[in-house]
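First up is the structure itself, then whatever we jot down about it.
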Protein chains: 2
Amino acid sequence: MSEDTARARQELALLLRRLNVELDAVGQRFAQLHGLNRTDVRALVAIMDAARRGEALTAGRLGEAVELRSASVTALVDRLEKVGHLRRSRDDADRRRVVLEMSDSAMAAGADHFGGLAQDMTAAMDAYTPAELAVVHRWLEDMTAVITRHARAEPPAAP
Amino acid sequence: MSEDTARARQELALLLRRLNVELDAVGQRFAQLHGLNRTDVRALVAIMDAARRGEALTAGRLGEAVELRSASVTALVDRLEKVGHLRRSRDDADRRRVVLEMSDSAMAAGADHFGGLAQDMTAAMDAYTPAELAVVHRWLEDMTAVITRHARAEPPAAP
DNA sequence: ACGTAATCTCTCGATGATCGAGATTATCGA
DNA sequence: TCGATAATCTCGATCATCGAGAGATTACGT
């Protein structure tokens, strides 16, 4: 691989990390605007993602998603419920479980903030052909796979 | 814009967020392995980035980078210095300042963890032509610009 | 030069997020 | 029914973060 090729690839990795930092900053800004902390936002995002997939998150699964112990999840849900972003309700099928549902107001606030971002991103993609976007799609999936492998376990890289 | 086009673009945005989550998980894993918390890792990354650009970070600038008040920065630097990841030293040019330097051991640990990731990502890019990578590069820069705008201030989107 | 304002970091006390251990409530299988 | 299992919550302790202000150093105006 030529020097230039290597440099170009490394630059892509750096760009991705920079993008990651800025995306975090967007979440941070949402938190400030609504008087939440970082964890609260991560939790709301996790619940919204689950809702998008059609599942309602339980307290336990939320704890897994944001890597918090059950005691902390209780406190977290207390906070979010107190400010009206969340509702607790017992699962009828398994009454040990507590399912979490976002309030309409929180959903609207999230849609406003992150939806606006998604809209701007979508608009910025006007400058790309479908073929180009397909390349980006493939690249993102490949990179996500690599990153996920590193996130789950120390890579079995050294044989 | 056709339905399919809109969906494809939205899917890219979702992919990007998923990637973001996984990238955070990599940092989380690094933190666990080294007995650090999320903020500590963000701080080390900020210092490493600054070092890459050839600047030495001061305590104040680090606070800006990770969005912490001065009192918290002092505590943060105390923690990292205590475990040997960091050195404080007064700036000779402006003796009010405290410049921060990563220890060799911390630098090595970071290079091992994140460098391994970068290497795997670079390797995964074998499957792309230079032209394709150029498209990805342009897309990442465009998206970063949009995201940065949202991170800095509520977008002046609605005219 | 000199005094004053500005800048940078640190100390202190208070608040709140998180955790570990254990209690509580609900479900399931023998 | 009863014990085992699972999900959630309570309690007390710990630690990260903050606001206010102090101490030290530099920059500026006269």
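Lettering follows sequence order; numbering is per chain, from 1.
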Please work out which residues in residues 54-65 of chain A have a non-hydrogen atom less than 4.0 Å from an atom of DNA chain D and list them by number.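 The answer is Thr58(A), Ala59(A), Gly60(A).
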With a cut-off of 3.5 Å and sequence neighbours excluded, list every side-chain donor-acceptor pair involving residues 51-73 of chain B.
from     : atom 1 : to       : atom 2 : distance (Å)
Arg53(B) : NE     : Glu55(B) : OE2    : 3.3
Thr58(B) : OG1    : Arg61(B) : N      : 3.3

Please give, in whole Å, the distance from [N] [atom2] to [X] [atom1]?
X        : N       : atom1 : atom2 : answer
Leu36(A) : dG16(C) : CG    : C1'   : 14 Å
Asp78(B) : dC10(C) : CG    : C1'   : 9 Å
Arg38(A) : dT17(D) : CZ    : C1'   : 12 Å
Lys82(B) : dA16(D) : NZ    : C1'   : 13 Å

All N/O contacts under 3.5 Å from nucleotides 18-27 of chain C to the protein, with atom names and distances to one decimal?
from    : atom 1 : to       : atom 2 : distance (Å)
dT18(C) : OP1    : Thr39(A) : OG1    : 2.5
dT18(C) : OP2    : Arg79(A) : NH2    : 3.1
dC19(C) : OP2    : Arg69(A) : N      : 3.0
dC19(C) : OP2    : Ser72(A) : OG     : 2.6
dT27(C) : OP1    : Arg95(A) : N      : 3.1

Give one of base, sugar-phosphate or nothing for Arg88(B), where a contact means two heavy atoms less than 4.0 Å apart.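 Answer is sugar-phosphate: Arg88(B) comes under 4.0 Å of backbone atoms only.
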Applying salt bridge (charged side-chain N to carboxylate O under 4.0 Å, His left out), can you list everything that pairs with Arg87(A), at least two apart in sequence or on another chain?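 Residues passing salt bridge (charged side-chain N to carboxylate O under 4.0 Å, His left out) with Arg87(A): Glu101(A).
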Apply side chain to side chain contact (heavy atoms under 4.5 Å, CB included) to Ala75(A) and list each qualifying residue two or more places apart in sequence or on a separate chain.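 Counting only residues at least two positions away or on another chain, Ala75(A) forms a side chain to side chain contact (heavy atoms under 4.5 Å, CB included) with Arg79(A).
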My understanding is that only residues two or more places apart in sequence, or in another chain, count here; which of them pass side chain to side chain contact (heavy atoms under 4.5 Å, CB included) with Asp24(B)?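 Asp24(B) satisfies side chain to side chain contact (heavy atoms under 4.5 Å, CB included) with Asn20(A), Asp24(A), Asn20(B) once adjacent residues are dropped.
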In terms of side-chain geometry, is the basic nitrogen of Asp4(A) or Arg9(A) positioned less than 4.0 Å from the acidic oxygen of its partner?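 Looking at Arg9(A) together with Asp4(A), the answer is no, because their closest N to O distance does not fall below 4.0 Å.
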Name all pairs fulfilling the ring-ring contact (aromatic ring centres under 6.0 Å, His included) condition that reach into residues 41-66 of chain B, sequence neighbours left out, sorted by first residue then second.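 Not a single pair qualifies under ring-ring contact (aromatic ring centres under 6.0 Å, His included).
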Using the ring-ring contact (aromatic ring centres under 6.0 Å, His included) criterion, which residues pair with Phe114(B)? Sequence neighbours excluded.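 Phe114(B) satisfies ring-ring contact (aromatic ring centres under 6.0 Å, His included) with Phe30(B) only.
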Pairs meeting criterion salt bridge (charged side-chain N to carboxylate O under 4.0 Å, His left out) with involvement of residues 127-142 of chain B, two or more places apart: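 Pairs touching residues 127-142 of chain B that pass the test: Glu132(A)-Arg138(B), Arg138(A)-Glu132(B).
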